[in-house]
Amino acid sequence: MPRYAQIVMGPAGSGKSTYCSTMKKHYATLKKNVHVVNLDPAAEVFDYEVMADIRDLISLEDAMEDDSLKFGPNGGLVFCMEYFSQNFDWLDEAIDDIDDDYILFDCPGQIELYTHIPVMRQLVDHLQAQNFRVCGIFIIDSQFMTEASKFVSGIMTALSAMVNLEIAHVNVMSKLDLLNKEAKKEIEKYLEPDLPALVANDLADDPRLNAKFKNLSHAIAGMIEDYSLVKFHPLDLSDEDTFSDLQLTIDNAIQYGEDAEPKESKVKKNLHLQSDLN
Ligand SMILES: Nc1nc2c(ncn2[C@@H]2O[C@H](COP(=O)(O)OP(=O)(O)OP(=O)(O)O)[C@@H](O)[C@H]2O)c(=O)[nH]1
Ligand SMILES: [Mg+2]
């Protein structure tokens with residue numbers, strides 16, 4: 001049987017842990033047991049039950065307090081993740097005996113982990129070797145999506161993660177519930193954007209910008225358009241439909257559920273038993 005995983009990535013504070021907790025609860029309403037593994041060595045609290053916690057292997061404090069290492073917070077985190085990549089057997093043990101595996105990996109927010117350092121790619125390769133079908137989830141905070149040039153830089157990081165990992169990839173725009181009605185309408189053009197038009201519109205009349213910056217933005221927008229990847233799925237904590245849409249998109253991308261036997265509920269089973277007896 002295949003196993004399933006989501007690698008939940010995105011900049012610091014974009015909503016990765018909230019996503020994991022929300023989706024775990026959402027899958028539970030569908031009677032699907034989804035587990036969460038914390039991969040953030042600096043995490044302090046999370047409101048979901050963890051199946052495994054990287055801090056049992058190594059924590060940021062360990063790396064920073066060690067007299068011979070003397071790391072600061074960022075170097076310490078990179079050290080922890082490299083240590084993790086050399087100790088995947090810890091992970092294997094922690095996730096070994098689960099029947100219907102579907103695991104969300106809640107990752108740290110340092111963007112270099114997805115763009116420069118090979119640990120996430122090594123994790124994906126390791127999971128795939130164990131029959132996991134893996135989907136990358138890249139979360140971006142909608143609060144930053146107010147200008148086309150900020151949007152372009154957000155997409156560039158998402159693209160960079162996607163190109164590095166070479167797995168099914170779903171972009172999520174979080175915190176839509178914090179936007180007012182007007183801003184929600186405005187954000188729609190960022191969900192499935194015509195990027196070159198968006199950039200052209202936004203930059204055209206801005207006197208602060210010089211021609212070189214505008215030309216560069218146009219060139220990048222054209223390049224991103226060529227990947228035809230620029231789609232974001234909304235996540236609004238006040239709207240359950242957004243969880244369902246997201247879950248269907250992701251499950252489809254990794255073909256979750258296609259090999260599963262339909263499970264009869266206890267009530268239905270009892271009804272069958274009763275009719276057999278009659
Ligand atoms: N209203 C609202 N708040 C959110 C949402 N997602 C996250 N938050 C809040 O934003 C803050 C950061 O969310 P986290 O889920 O911890 O973000 P993260 O990406 O895991 O952060 P790091 O692990 O530190 O990189 C918390 O205060 C959350 O409650 C959302 O969709 N709506
Ligand atoms: Mg987090």
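Quantities reported herein were computed from a predicted structural model and do not represent experimental measurements. In each ligand, atom 1 is the first atom listed, and ligand 1 is the first ligand listed.
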Requested in this report: Specify the protein heavy atom at minimum distance from atom 11 (C) of ligand 1: its residue, its atom name, and the distance to 0.1 Å.
Outcome: K175 NZ, 4.2 Å

Report task. Look at the side chain of N164 and the backbone N and O of Y114, then say whether any donor-acceptor pair between them is shorter than 3.5 Å. Result -> yes

Query raised in the report: How are the rings of Y256 and Y4 set to each other: parallel, tilted or perpendicular (split at 30° and 60°)?
Result: perpendicular

Query raised in the report: Protein heavy atom under 4.0 angstrom of atom 27 (O) of ligand 1, is there one?
Result: no

Report summary line: Looking only at protein heavy atoms, what sits closest to atom 19 (O) of ligand 1 is K16 NZ, 2.7 Å

Query raised in the report: Is there a heavy atom in G10 that sits closer than 4.0 Å to ligand 1?
Result: no

Report summary line: Nearest non-hydrogen protein atom to atom 16 (O) of ligand 1, with distance, is S17 CB, 4.2 Å

**Report entry** Sub-6.0 Å ring centroid separation between F105 and F132
**Finding:** no

Report task. Examine distances only and state if a side-chain atom of K16 and a backbone atom of G10 form a donor-acceptor pair shorter than 3.5 Å. Result -> yes

**Report entry** Close-contact set for ligand 1 against L178 heavy atoms, below 4.0 Å
**Finding:** 1 (N)

Report summary line: CG (N252) and CD (Q247) are apart, to the nearest 0.5 Å, by 10.5 Å

Query - Closest protein heavy atom (residue, atom, distance) for atom 15 (O) of ligand 1 - result: T18 OG1, 2.5 Å

Requested in this report: Considering the heavy atoms of A12, write down every atom of ligand 1 situated less than 4.0 Å from one of them.
Outcome: 25 (O)

Query raised in the report: Under 2.8 Å from the Mg ion (ligand 2), is there an N/O/S atom belonging to S17?
Result: yes

Query raised in the report: D106 versus D40: any side-chain heavy-atom pair under 4.5 Å?
Result: no

Query raised in the report: Given the protein's heavy atoms, is any one of them under 4.0 Å from atom 30 (C) of ligand 1?
Result: yes

Report task. State the atoms of ligand 1, each with its element, that fall below the 4.0 Å cut-off from a heavy-atom position in G109. Result -> 25 (O)

**Report entry** Mode of D40 contact toward ligand 1 - side chain, backbone, both, neither (heavy atoms, under 4.0 Å)
**Finding:** side chain

Query raised in the report: Just distances here: any N/O of L235 and N/O of ligand 1 closer than 3.5 Å?
Result: no

Query raised in the report: Quick one: are M64 and L60 in side-chain contact, heavy atoms under 4.5 Å?
Result: yes

Report task. Could you tell me whether the side chain of R133 and the main chain of Q255 form a donor-acceptor pair under 3.5 Å? Result -> yes

Query - L179 side chain reached by Q143 side chain, heavy atoms, under 4.5 Å - result: yes

Report summary line: When distances are taken from atom 1 (N) of ligand 1, the protein heavy atom at minimum range is D177 OD2, 2.7 Å

Report task. Note the single closest protein heavy atom to atom 17 (O) of ligand 1, along with its residue, its atom name and the distance in Å. Result -> G15 N, 3.2 Å

Query raised in the report: Would you say G13 and ligand 1 have an N/O pair spaced under 3.5 Å apart?
Result: yes

**Report entry** Side chain to side chain, Y102 and I254, heavy atoms closer than 4.5 Å
**Finding:** yes

